[in-house]
Amino acid sequence: RRISARRPRQTEAVAYWGMPPQRHRVLWRDRSAGGLSVWSVQPLLVGQRMQLMDPDIHTVAEVVACDPAGAQRWLVRARLLTLRPIKRSSLFCATQA
């Protein structure tokens with residue numbers, strides 16, 4: 001049995017990167033306790049940091065790889081630097097009173 005429910009693929013998130021930070025929409029591909037991957041319409045540089053937000057989490061991650069995945073699509077893989085769960089029960093933690 002899974003500890004948490006599966007997330008639907010292609011769920012949207014808001015991401016910020018660059019100087020000054022610009023708002024971008026990305027699609028989640030995968031996320032785990034150690035890292036994440038998203039689909040982006042823009043490439044990111046290895047070592048670049050980005051902030052991602054969706055209704056479940058806010059996180060800061062560092063890009064470890066960015067590979068072309070078709071026309072105007074990039075697969076960005078990153079390691080988590082910070083993680084703040086928004087819901088009281090999610091993939092990363094569960095609390096109850």
Side-chain angles (χ1 to χ4, degrees):
R1 292 182 125 184
R2 293 183 59 83
I3 293 173
S4 65
R6 282 197 186 269
R7 301 185 80 244
R9 291 212 178 240
Q10 305 297 312
T11 302
E12 244 185 39
V14 175
Y16 293 89
W17 66 75
M19 260 319 165
Q22 299 290 316
R23 180 184 171 120
H24 304 274
R25 294 226 178 258
V26 296
L27 296 175
W28 285 108
R29 179 176 176 265
D30 186 37
R31 75 178 184 204
S32 67
L36 58 88
S37 59
V38 294
W39 301 107
S40 173
V41 295
Q42 295 181 322
L44 282 88
L45 299 173
V46 171
Q48 188 170 5
R49 292 184 178 185
M50 63 179 164
Q51 180 181 16
L52 289 110
M53 293 180 273
D54 74 7
D56 295 334
I57 65 167
H58 288 183
T59 185
V60 175
E62 182 178 34
V63 175
V64 296
C66 184
D67 300 309
Q72 295 296 312
R73 192 168 182 183
W74 299 83
L75 175 58
V76 179
R77 292 187 298 279
R79 68 182 180 96
L80 298 180
L81 299 176
T82 66
L83 173 67
R84 184 173 64 132
I86 303 302
K87 292 184 176 181
R88 291 188 177 262
S89 176
S90 71
L91 173 64
F92 304 106
C93 72
T95 62
Q96 70 182 39

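These numbers come from a predicted model, not from an experiment.
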TODO: Kindly indicate whether the side chain of L45, heavy atoms from C-beta on, has any atom under 4.5 Å from the side chain of V63.
DONE: no
- [ ] Would you mind reporting whether L52 and V26 have side-chain heavy atoms less than 4.5 Å apart?
- [x] yes
TODO: With the side chain counted from C-beta on, respond yes when E12 and W28 share a heavy-atom pair under 4.5 Å apart, and no when they do not.
DONE: no
Open item on the list: Please determine whether a side-chain nitrogen of the Lys or Arg among R77 and D30 lies less than 4.0 Å from a carboxylate oxygen of the Asp or Glu.
Closed with: no
Open item on the list: Tell me every residue that passes side chain to side chain donor-acceptor pair (under 3.5 Å) with R49, counting only those two or more places apart in sequence or in another chain.
Closed with: none
Open item on the list: Ignoring hydrogens, what is the shortest heavy-atom contact between A78 and M50? Give both atom names and the distance.
Closed with: CB-CE, 3.9 Å
- [ ] Kindly indicate, with the supporting measurements, whether the criterion side-chain contact (heavy atoms from CB on, under 4.5 Å) is fulfilled by L36 and T59.
- [x] CA-CA 10 Å; L36 58 88; T59 185; 4.1 Å; yes
Task: Spatial distance of atom CH2 (W74) from atom OG (S40) [nearest 0.5 Å] - done: 9.5 Å
TODO: Sequence neighbours left out, what passes side-chain contact (heavy atoms from CB on, under 4.5 Å) with Q22? Give chain and number order.
DONE: P20, H24
Open item on the list: So if I apply the side-chain contact (heavy atoms from CB on, under 4.5 Å) rule between R31 and each of L83, L80, D56, which one comes out positive?
Closed with: D56
Task: Min side-chain heavy-atom separation V46-V64 under 4.5 Å - done: no
Task: Counterpart residues, side-chain contact (heavy atoms from CB on, under 4.5 Å), relative to V14 (two or more places apart) - done: Y16, R23, R25
TODO: Report the residues that fulfil side chain to side chain donor-acceptor pair (under 3.5 Å) with E62, sequence neighbours left out, ordered by chain and then residue number.
DONE: R79
- [ ] List in chain and number order the residues that pass side-chain contact (heavy atoms from CB on, under 4.5 Å) with V41, two or more places apart in sequence or in another chain; answer none if no residue qualifies.
- [x] none
Task: T82 side-chain N/O to V60 backbone N/O, donor-acceptor pair under 3.5 Å - done: yes
Open item on the list: Just so I know, are the side chains of S37 and L75 near enough to count as touching, which here means a heavy-atom distance under 4.5 Å?
Closed with: yes
